[in-house]
Amino acid sequence: MISRYLECHYKSGGRGEVIDGIMYQDCWGLTRAARHELYGKPLLPSRAGARHGRKGSIQEAYLEQRAKMKLCERMPGAVVSVSRRGICVHVALMVNGNNVLEIKREGQRARLTPWREFARQYPAPLWEIEFYD
């Protein structure tokens, strides 16, 4: 089932729309859909208005959703949030405890990133990584 998510292409604001047989997601859309399908977690709100380029929209959506979730340890199905100076810049999904399912930018497809490699991209204290369920 995870293979279908690895075929997704990045699109700002993407929430799973299919164009010419290609599914488009952004980091929130990918995390939202995969978490629900792969781990049976409640479907997170779409937050269709939260997209790269709309100043403050991602942070506003993130803060609202974070208030509804609980902080947890790194575990399969957890939402991974990456913040800098208190502003969320990326979300992803923990898969099997050792990999992160993520999609980052235009021109890229989703990928599984080993946890250690993911964490090295965001060194403390400049970056903060948290897990939510």
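In this text the structure is predicted, and so the values were computed from the model without any measurement.
- There is a side-chain donor-acceptor pair under 3.5 Å between Y5 and E37.
- The aromatic rings of F131 and W115 lie tilted to each other, with the angle between the two planes from 30° to 60°.
- In this structure, the side chains of Q65 and W28 come closer than 4.5 Å at one or more pairs of heavy atoms.
- The heavy-atom pair separating Q25 from C8 by the smallest distance is CG-SG, 3.7 Å.
- Looking only at side-chain heavy atoms (C-beta outward), H90 and T31 stay at 4.5 Å or farther from each other.
- Note: the hydrophobic cluster containing V80 does not contain M75 (ILVMFWY, side chain heavy atoms under 4.5 Å, direct or indirect links).
- The two atoms that bring G77 and K41 nearest to each other are O-CE, 4.4 Å, heavy atoms only.
- Applying the 6.0 Å contact sphere to CD of E117 captures more than 12 heavy atoms from other residues, nucleotides or ligands.
- Between R84 and L126 the shortest side-chain heavy-atom distance falls below 4.5 Å.
- The structure places CG of N96 at 9.0 Å from CG of L38, a figure rounded to the nearest 0.5 Å.
- The one candidate from R120, K104, Q121, E102 that meets the side chain to side chain donor-acceptor pair (under 3.5 Å) condition with T113 is E102.
- Of the residues R4, E17, K11, the one that meets the side-chain contact (heavy atoms from CB on, under 4.5 Å) test with M23 is R4.
- Using a 4.0 Å cut-off between charged nitrogen and carboxylate oxygen, R32 and D26 do not count as a salt-bridge pair.
- In the hydrophobic clustering of this structure, L71 does not group with I129; members are Ile, Leu, Val, Met, Phe, Trp, Tyr whose side-chain heavy atoms approach within less than 4.5 Å, directly or through other members.
- Scanning both residues, L30 and L101, for their nearest heavy atoms gives CD2-CG, 3.9 Å.
- Across all non-hydrogen atoms, the minimal contact from Y39 to L93 is CE1-CD2, 4.2 Å.
- Under a hydrophobic clustering in which Ile, Leu, Val, Met, Phe, Trp and Tyr are joined whenever their side-chain heavy atoms come within less than 4.5 Å, directly or via other members, I103 and V89 fall into different clusters.
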Show your reasoning for whether side-chain contact (heavy atoms from CB on, under 4.5 Å) applies to R74 and N98. CA-CA 9 Å; R74 186 178 86 207; N98 293 315; 4.2 Å; yes
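- If you chain together hydrophobic residues whose side chains sit under 4.5 Å apart, W127 and M94 fall into the same group.
- The hydrophobic clustering, which links ILVMFWY residues whose side-chain heavy atoms are closer than 4.5 Å, places Y10 and I2 together.
- The two atoms that bring C72 and A78 nearest to each other are SG-CB, 3.9 Å, heavy atoms only.
- Between the CD atom of E130 and the OG atom of S81 there is a distance of 5.0 Å, given to the nearest 0.5 Å.
- The environment of NZ in K68 is crowded: more than 12 heavy-atom neighbours from other residues, nucleotides or ligands sit within 6.0 Å.
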